[in-house]
Each structure stands twice: as structure tokens, then as C-alpha cells.
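The structure appears right after this line, and notes come after that.
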Amino acid sequence: MTDKELQELLKKMSLKEKVNQMLQVTGGFFDGHQVAMGPMKEKGFSDENVALAGSVIGSMGAEKLKKIQKEYMENHPHKIPLLFMMDVINGFKTIFPIPLAQGATFEPELSERCAAAAAKEASVSGLHVTFAPMVDLVRDARWGRVMESTGEDPYLNCLFSEAMVKGFQGEDLKEPYHVAACVKHFAGYGAPTAGRDYNTVELSKHTLKEFYLPSYKAGIDAGAAMVMTSFNTIEGIPATGNKWLMRDVLRDEMGFDGVLISDWAAIEEIIYHGYCADRKEAAVRAAKAGVDIDMMTGIYSENMCSLVEEGVISESLIDESVYRILELKNKLGLFENPYKDADEEKEKELILCQEHRNLAREAARKSFVLLKNDSVLPLKKWKNTAVIGPYVDNRNLMGAWSFIGETKDTATLREAMTERGFAQEVTFCQGSPILDPGMKLEGFTETQGQEVSQEECEKMLQEAVKAAKDAETVILAVGEDRLQSGEATSNANIQIPAIQMELVRRVSQVNDKVIVVLFSGRPLDIREISEKAQAVLQVWMPGTEGARAIVDVLTGEYNPTGKLPMSFPYCVGQVPVHYNEYSTGRPHVPGKDKDRFRSKYLDIPNAPLYPFGFGLSYTRFAVSPIELSHETMNKNETIQAVVKVKNVGEVKGTETVQLYIHDVAASVVRPVKELKNFCKVTLEPGEEQTVTFMITEKDLQFLTENDRWESEPGEFEVFVGTDSSVVNCAKFVLVK
């Protein structure tokens with residue numbers, strides 16, 4: 001359709017038809033699993049409203065969605081097609097590593113490929129929109145949804161935000177195998193007070209604008225078709241009703257002209273925040289803020305018509321939102337082909353195809369971070385090895401948001417090792433349940449908990465201890481359950497379950513060659529694990545091909561390359577902890593712990609256990625002192641920062657060389673370091689390569705006291721190394 005035809009369609013629609021284009025309901029209303037009566041009717045879901053709803057959430061499958069679309073359009077007065085939406089976060093049926101793990105690859109282009117594969121599987125299953133990427137900046141590991149972000153660094157998050165949007169959407173949404181991306185959650189959702197999900201957010205406008213907003217902007221600049229509101233408050237106002245945030249910042253400053261959708265029931269929740277007295281006022285606040293789609297409350301449907309008739313809001317406000325919704329449907333080509341890519345035969349061909357599985361395996365092994373290695377990895381000799389832990393036979397390697405994936409499609413560690421011919425040389429045993437006795441977890445579609453008696457637990461433990469005692473090497477596969485991270489999984493204790501920690505202790509008492517393979521959706525407190533183990537390999541929630549990728553790395557077939565996208569705290573008392581903190585007027589000086597009047601803890605270090613950007617390899621790299629091309633630069637010049645990187649180990653490996661910059665004195669206090677660039681270098685043993693970073697004036701810009709993105713003259717420090725704790729430094733001056 002042309003713009004003119006869309007405008008003509010809008011004029012033909014009745015007010016009720018337009019209002020209900022702004023309603024999103026679950027597919028259960030259309031496939032007989034849910035009806036508009038009882039509690040649903042009280043929520044504003046009448047049969048008439050549902051029959052005119054503009055979009056559907058939570059249903060999939062080509063055959064089912066084609067049927068729903070056909071029946072819906074046959075009954076719609078103007079034959080307007082539905083939009084089908086779902087949370088396709090890190091894969092559809094082929095599950096890739098969780099987004100936080102993808103951040104550890106430091107390869108945005110890899111995530112673009114993963115998003116494109118997920119879009120292909122989702123689109124042939126009838127979907128048009130994914131609620132991804134989540135680009136919230138995260139600094140507090142207590143918040144379970146850190147698993148959906150790519151980490152604590154604004155620069156890195158921007159790169160992944162852009163890449164994922166491009167991967168999902170391609171160049172043209174009408175082209176086959178693409179879905180619309182939805183950047184979420186706008187804004188600041190990643191900074192809940194005390195790390196507690198759905199909690200308030202207290203950020204200064206400066207911090208919000210400089211550190212939290214850029215990744216949303218990157219996704220919008222990449223062409224994201226949708227944005228989702230967040231549950232939290234900003235400046236004391238719930239985001240979903242925050243006109244300044246949604247109109248002034250999102251629409252005017254960022255230039256977003258796509259569809260703005262609430263998160264699940266977020267319009268209703270602004271009542272519970274105490275921002276609105278009732279559902280009618282909530283409808284007014286959200287509509288005036290520019291929220292186009294009401295996800296699963298019925299507040300718009302039951303109130304908008306009367307609000308227009310009473311003159312409280314104008315019909316032109318409704319038209320503005322509805323036109324954006326129609327425009328998205330048009331960009332997807334749904335008016336010409338309402339079924340788009342939905343195809344039962346293509347589902348069989350593309351879903352979990354070998355190409356996608358190979359990509360999942362590549363992404364998984366590139367996401368693993370080697371945190372410690374006392375020369376025990378890679379494991380060359382598998383004979384007399386004990387593989388112990390609740391992840392030995394666990395297929396739940398997909399992460400909390402991967403509810404579309406199926407465990408039957410995922411290999412276990414035992415199966416992956418058996419495929420490689422190690423079964424005859426290895427002893428396998430569970431050692432412990434994954435969760436402490438009596439602990440139960442709830443996901444979106446499942447409940448996790450194991451009814452294991454104390455006697456059974458003790459028997460498993462004794463079996464593991466015996467196996468460890470008899471073995472030359474122990475591989476301990478332990479960690480969080482997949483449902484311990486994700487939405488609504490805030491934890492004050494960010495350690496592995498106590499019953500698993502006891503397993504680690506007992507095994508390490510009888511064997512001094514313990515390799516820990518650690519599964520989690522967030523950074524954990526692993527001080528004791530790190531002390532007891534000779535090697536620690538962080539594998540996150542690695543997805544469909546995760547087990548095979550783990551074996552690839554343990555054997556040395558793949559040399560680990562992952563780098564932490566989020567700092568691992570020394571203990572929970574440090575969080576939120578992040579590398580790019582501000583200095584204080586009394587900064588702690590390492591080595592001067594007796595200097596009492598400094599910003600430091602009395603009982604723990606200031607520094608995290610493992611910092612942002614950290615990750616070991618099976619080889620070692622040396623980075624030379626930095627050579628700068630100039631000692632001064634003006635705003636039109638560039639400076640080259642040059643280092644030589646040498647593989648000083650014995651095997652081929654890849655290092656991620658990282659460039660950080662510190663603005664020494666400015667009108668607004670600057671972080672002690674900020675990542676500005678990075679480069680992956682693959683070298684043979686003894687090989688050396690020159691790495692050159694180009695520093696431009698744009699790299700020196702920040703949000704100044706004038707509330708403008710600009711640079712200021714003065715001294716800058718440049719750091720180049722292999723993680724954010726780098727001390728390799730050179731200096732230059734920016735002149736006017």
C-alpha cells in the first residue's frame with residue numbers, strides 16, 4: 001500500500017475499529033484456549049474488542065497462525081491483517097547462547113548472524129515481530145535479567161544493539177525470512193534499586209542520558225521498527241506514562257517514528273505505582289505519552305472511545321498511533337501477503353537445520369570465558385577422568401527466555417563426550433541435584449524442582465567423592481539452574497546452590513586436579529570455586545549446541561576467546577560493580593590498605609574478582625608499550641595508538657586487544673576508563689602483529705555540563721591491553 005492508501009484506510013475505520021488496533025491479546029483468544037468472559041471480561045476483553053484486536057502475542061506455528069489470520073481477516077470489516085509477535089530472544093527452536101554470553105564473544109557480527117537465523121525460523125513459523133533485542137545497560141548481577149543484556153559497557157552494548165536489529169530485520173522487512181525488531185525496555189530498566197526486578201529506578205538525567213540511553217539509540221538508528229516501554233519509574237514517573245521520556249526523548253531527540261508498545265500489562269501497572277487513580281486515567285496518561293499498543297490489559301479498548309467522545313483526548317491522537325501500526329503492517333508486506341513467510345514445509349526444512357546448529361556451536365564456544373587455568377586445560381588425556389555434577393545429564397542449557405526451544409533437541413555433556421569416543425575412558429556421575437532440597441522455581445511454561453531425599457543426596461555425593469578419589473582429573477559441571485536467572489529472578493545470594501557447593505568442597509578435598517565448567521545466566525560470586533579449582537570455564541547458558549561446544553574447548557580443538565561483558569564481583573556486597581566507575585575525591589590506592597580515609601571496604605577488595613574484558617587463552621600474549629603518533633591533536637585530527645601483540649605461548653590463539661580512554665579533567669567527572677575500541681588478533685606461536693587504533697575527536701565526546709555531546713580540551717590517557725584492569729598507558733592533549 002502507498003501512504004495515501006493507508007491514510008484512506010484509516011479514514012474508513014470507525015473509532016472502535018481504530019481503538020482496537022491498539023489492543024494486543026494472546027493467541028488463546030483465537031484458538032479456543034481463552035474466552036472473553038469472567039476475569040477476562042473484567043479486564044476489558046469483550047468478544048467485539050478481541051475480534052478487532054490489531055496484534056497477537058504468544059502463538060506460533062505456520063499452520064496455526066495462517067488459520068487464525070484467515071479467519072480474522074474474513075471477519076474484519078476492512079480485511080486488516082493481524083501482527084503476530086513473540087519473545088524470540090536468543091533463538092527460536094535453534095537456541096544460541098544467552099545474550100550476555102553473546103556479549104562475551106566481542107563479535108557483534110556473530111550476533112547479527114544468530115539473529116538472522118532466529119528470524120528465519122520465526123518467520124516461517126508465522127511470526128512478524130520479536131521482542132528483542134533487550135539493550136538495557138546492566139551493572140547489578142542480583143538482577144536476573146542481566147542474562148538478556150550484553151553487559152555493563154555502553155559502547156559494547158551499542159554495537160550489539162545495532163547488530164541484532166540488523167540481523168532480525170535485514171535490509172527490507174518485506175523480504176523473506178525477516179521479522180521486525182523491538183528494542184526494549186525503554187528506559188533504564190537495567191538499573192532497578194537493590195537489583196530487584198520491577199523496582200523503581202533512581203538515575204540522574206545525566207547518568208541516564210550518557211550511559212543508559214545510547215544503546216537504545218543505536219538500535220533505533222539501525223532501524224528498529226518497534227520500542228517497548230519499561231516497567232520502572234524514571235524521575236518518579238512510570239515509563240509507560242512518562243510523556244517526557246516517550247515524546248521528548250524517544251520521539252523528538254532520538255527520532256523514533258515506529259510503533260511503541262507497552263510491556264505486559266504495563267499500562268495497568270501505572271495505577272499500582274500510584275501514578276493514576278484508575279484505568280481511565282491510565283489510558284489517558286499512556287496515550288498522551290504516545291504508547292501505541294496496549295499489551296494484554298484492555299484498558300485502551302474499554303476507555304478510549306468514551307475518552308474521545310468526552311473530549312478528554314482527541315481522535316487525532318488515536319489516529320497517530322493507529323497509522324503507525326498500519327504502517328508497520330505495510331512495511332512487512334502484510335496487506336499484499338498476510339501470511340508473509342508462514343510455510344509448513346519451510347518449517348521442516350529450516351528449523352534446527354544443520355547450518356543453524358553449526359552457527360549455534362560456533363557462537364557457544366566463542367562465548368565461553370576461561371577464568372582460571374593452572375596448566376590443566378586443554379585436557380589431552382581423558383583416560384581416568386571423572387565427569388561429575390548435575391549438568392552431566394542436564395539438557396536445560398538454553399536460558400530462561402528460550403521457552404520455544406525443546407530440551408530433546410539439546411545434547412547433554414555425557415552424550416557430547418560419548419560422540420567423541422570418551423565414554424570408555426570417563427566415569428560419569430551426578431553428584432547432587434541441581435537445586436537445594438525443597439527449592440522450586442517457576443518459569444513461563446514450566447516448574448523446576450527435584451524431590452530428592454536426604455538419603456538419595458548423600459548416596460549421590462558419596463558416589464561422586466569415590467569417583468573423584470579414583471580419578472586422575474575431575475571435570476565438575478555445576479552452576480545455576482536455567483530458571484534461576486531471567487525475569488523475576490532477583491537474588492541476594494549470587495552463588496551456586498548450596499548443595500552443589502558442598503559437592504565442590506568434597507570433591508576438591510580428594511582430588512587436586514579439578515576443572516569447573518560453570519553454567520549461569522549472570523555473574524556469580526565464585527571466590528571459593530576459584531580457590532579450589534585448577535581451572536574455571538564460564539559457559540553461561542550455551543544453547544542447543546552448548547555441550548558439544550564445551551567438549552570442543554575442553555579438548556583444545558577450540559582455544560577459548562571469550563571476554564567478560566560484565567564484571568564478576570568479589571562478593572555480592574560490591575554490587576553494583578562495574579569497571580567504568582567514577583573516581584572519588586579520596587580514591588583507594590592499591591597497596592595502601594592501611595590508609596583508612598579512602599573509598600574502600602574494610603573486609604573485601606574494591607576490585608571485582610574478574611573484571612570486565614577479562615578472559616584467558618590456552619596461550620599467552622604480550623602487548624608492547626603504546627606508541628602515539630602525536631602528543632597533541634585538534635578536533636579535526638586523529639591520533640594513532642600503536643601496539644605490538646605477540647603470542648608468547650606454545651599454541652595458536654586469538655586475543656581481543658582493547659582500547660580504553662580516560663579524560664583526566666572535565667566539566668563533568670569522567671569514568672576512570674571507557675572502552676572505545678577493540679580488535680581481535682589471531683597469532684601462531686611466536687608470531688607478532690602490529691595493532692593500530694585510530695582515535696578521533698568523536699571518541700573523546702561526552703555529555704558535558706552544557707548537556708551537549710562534545711569534547712573538551714585537556715589531557716587524555718590511553719590504555720591498551722587485554723582487559724579493563726590494564727595499566728599500559730600513554731597520554732596526549734586535545735587542543736582547541
Side-chain angles (χ1 to χ4, degrees), residues 22-24 43-44 57 131 134-138 140 143-145 148-149 182-209 211-213 215-217 220 226-254 256 258-304 307 312-313 317-318 320-321 487-488 490:
M22 302 168 72
L23 169 65
Q24 180 166 97
K43 294 285 188 180
I57 181 176
F131 297 125
M134 188 189 103
V135 300
D136 302 314
L137 184 75
V138 292
D140 191 333
W143 190 51
R145 294 195 79 167
E148 290 179 70
S149 170
C182 178
V183 167
K184 65 182 187 184
H185 306 82
F186 200 79
Y189 187 47
T193 302
R196 201 173 73 234
D197 211 352
Y198 317 120
N199 205 359
T200 55
V201 165
E202 288 296 332
L203 292 172
S204 69
K205 279 189 177 178
H206 182 92
T207 298
L208 174 70
K209 287 183 175 182
F211 299 104
Y212 286 82
L213 293 186
S215 55
Y216 305 110
K217 179 70 161 56
I220 290 164
M226 291 184 67
V227 167
M228 182 185 289
T229 69
S230 56
F231 288 122
N232 55 277
T233 56
I234 289 289
E235 297 273 299
I237 299 174
T240 306
N242 194 318
K243 191 175 180 181
W244 168 78
L245 185 64
M246 300 304 173
R247 294 282 185 182
D248 296 354
V249 177
L250 179 64
R251 298 287 188 193
D252 296 342
E253 292 181 22
M254 294 190 176
F256 178 65
V259 174
L260 179 61
I261 187 171
S262 78
D263 205 336
W264 185 285
I267 294 179
E268 183 176 19
E269 289 184 16
I270 66 178
I271 302 169
Y272 311 140
H273 275 286
Y275 184 60
C276 296
D278 53 33
R279 292 165 69 85
K280 201 163 188 174
E281 185 181 356
V284 174
R285 294 281 195 180
K288 288 188 174 180
V291 179
D292 301 316
I293 297 179
D294 173 9
M295 186 193 292
M296 276 302 291
T297 74
I299 283 179
Y300 277 0
S301 294
E302 69 180 351
N303 293 296
M304 283 297 203
L307 287 168
V312 178
I313 61 174
L317 189 64
I318 306 294
E320 176 190 319
S321 287
E487 186 169 353
S490 301

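No experiment lies behind these values; they were computed from the predicted model shown.
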What's the separation between atom [atom1] in [X] and atom [atom2] in [Y], rounded to the nearest 0.5 Å?
X: Tyr198; Y: Glu269; atom1: OH; atom2: CD; answer: 8.0 Å
X: Phe256; Y: Tyr216; atom1: CZ; atom2: OH; answer: 13.5 Å
X: Met295; Y: Gln24; atom1: CE; atom2: CD; answer: 5.0 Å
X: Ile234; Y: Glu202; atom1: CD1; atom2: CD; answer: 8.5 Å
X: Met22; Y: Ile299; atom1: CE; atom2: CD1; answer: 12.0 Å
X: Cys276; Y: Glu268; atom1: SG; atom2: CD; answer: 11.5 Å

Beyond-backbone contact of [X] with [Y], side-chain heavy atoms, under 4.5 angstrom:
X: Ile261; Y: Lys184; value: no
X: Ile313; Y: Met304; value: yes
X: Phe231; Y: His185; value: no
X: Ile271; Y: Asp278; value: no
X: Phe186; Y: Val249; value: yes
X: Asn303; Y: Leu307; value: yes

Item checked: Contacts of Tyr272 that satisfy ring-ring contact (aromatic ring centres under 6.0 Å, His included) - sequence neighbours left out ->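 Partners of Tyr272 by the ring-ring contact (aromatic ring centres under 6.0 Å, His included) criterion come out as none, since no residue qualifies.
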Next item on the list: Can you sort out the partners of Phe211 under ring-ring contact (aromatic ring centres under 6.0 Å, His included), two or more places apart, ordered by chain and number?
Entry: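 Phe211 satisfies ring-ring contact (aromatic ring centres under 6.0 Å, His included) with no residue once adjacent residues are dropped.
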Notebook entry, point to check: Taking only residues two or more places apart in sequence or in another chain, which ones pass side-chain hydrogen bond (donor to acceptor under 3.5 Å, both in side chains) with Tyr300?
Noted result: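 With sequence neighbours excluded, Tyr300 shows a side-chain hydrogen bond (donor to acceptor under 3.5 Å, both in side chains) to no residue whatsoever.
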Item checked: Residues forming a side-chain hydrogen bond (donor to acceptor under 3.5 Å, both in side chains) with Tyr212, sequence neighbours excluded ->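 Listed in chain order: nothing, the list is empty.
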Note to self: Taking side chain to side chain donor-acceptor pair (under 3.5 Å) as the cut-off, I'd like each qualifying pair that reaches into residues 284-298, sequence neighbours left out, listed once.
What the structure shows: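 For residues 284-298, and leaving out neighbouring residues, the side chain to side chain donor-acceptor pair (under 3.5 Å) pairs sorted by first residue read Arg251-Asp292, Tyr275-Arg285, Asp292-Ser321, Asp292-Arg324, Asp294-Thr297.
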Notebook entry, point to check: With sequence neighbours left out, which residue pairs that include part of residues 236-245 fulfil the side chain to side chain donor-acceptor pair (under 3.5 Å) condition?
Noted result: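 Non-adjacent pairs meeting side chain to side chain donor-acceptor pair (under 3.5 Å): Thr229-Thr240.
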Next item on the list: Using the side-chain contact (heavy atoms from CB on, under 4.5 Å) rule, take Met228 and Val183 through it: C-alpha gap first, then chi angles, then the decisive distance, then the call.
Entry: CA-CA 6 Å; Met228 182 185 289; Val183 167; over 6 Å; no
Of all heavy-atom pairs between [X] and [Y], which one has the smallest distance, and what is that distance?
X: Ala187; Y: Ala239; answer: N-CB, 4.4 Å
X: Ile267; Y: Ser262; answer: CG1-CB, 3.9 Å
X: Pro238; Y: Ile270; answer: CB-CG2, 3.4 Å
X: Ser149; Y: Val138; answer: OG-CG2, 3.5 Å
X: Gly190; Y: Asp136; answer: N-CB, 3.8 Å

Check: Can you list the steps and then say if Met226 with Leu260 is a side-chain contact (heavy atoms from CB on, under 4.5 Å)?
Finding: CA-CA 6 Å; Met226 291 184 67; Leu260 179 61; over 6 Å; no
Notebook entry, point to check: Do Tyr189 and Asp263 get their side chains close enough for a donor-acceptor pair, meaning under 3.5 Å?
Noted result: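 There is no such pair (donor and acceptor under 3.5 Å, judged by atom type) between the side chains of Tyr189 and Asp263.
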Notebook entry, point to check: Between Val312 and Lys280, does a side-chain contact (heavy atoms from CB on, under 4.5 Å) hold up when you go through it step by step?
Noted result: CA-CA 10 Å; Val312 178; Lys280 201 163 188 174; over 6 Å; no
[X] side chain to [Y] backbone, donor-acceptor under 3.5 Å:
X: Ser490; Y: Trp143; answer: no
X: His273; Y: Asn232; answer: no
X: Thr193; Y: Asn199; answer: no

Notebook entry, point to check: Under the side-chain contact (heavy atoms from CB on, under 4.5 Å) criterion, do Ile220 and Leu250 qualify, and how do the steps go?
Noted result: CA-CA 9 Å; Ile220 290 164; Leu250 179 64; 3.5 Å; yes
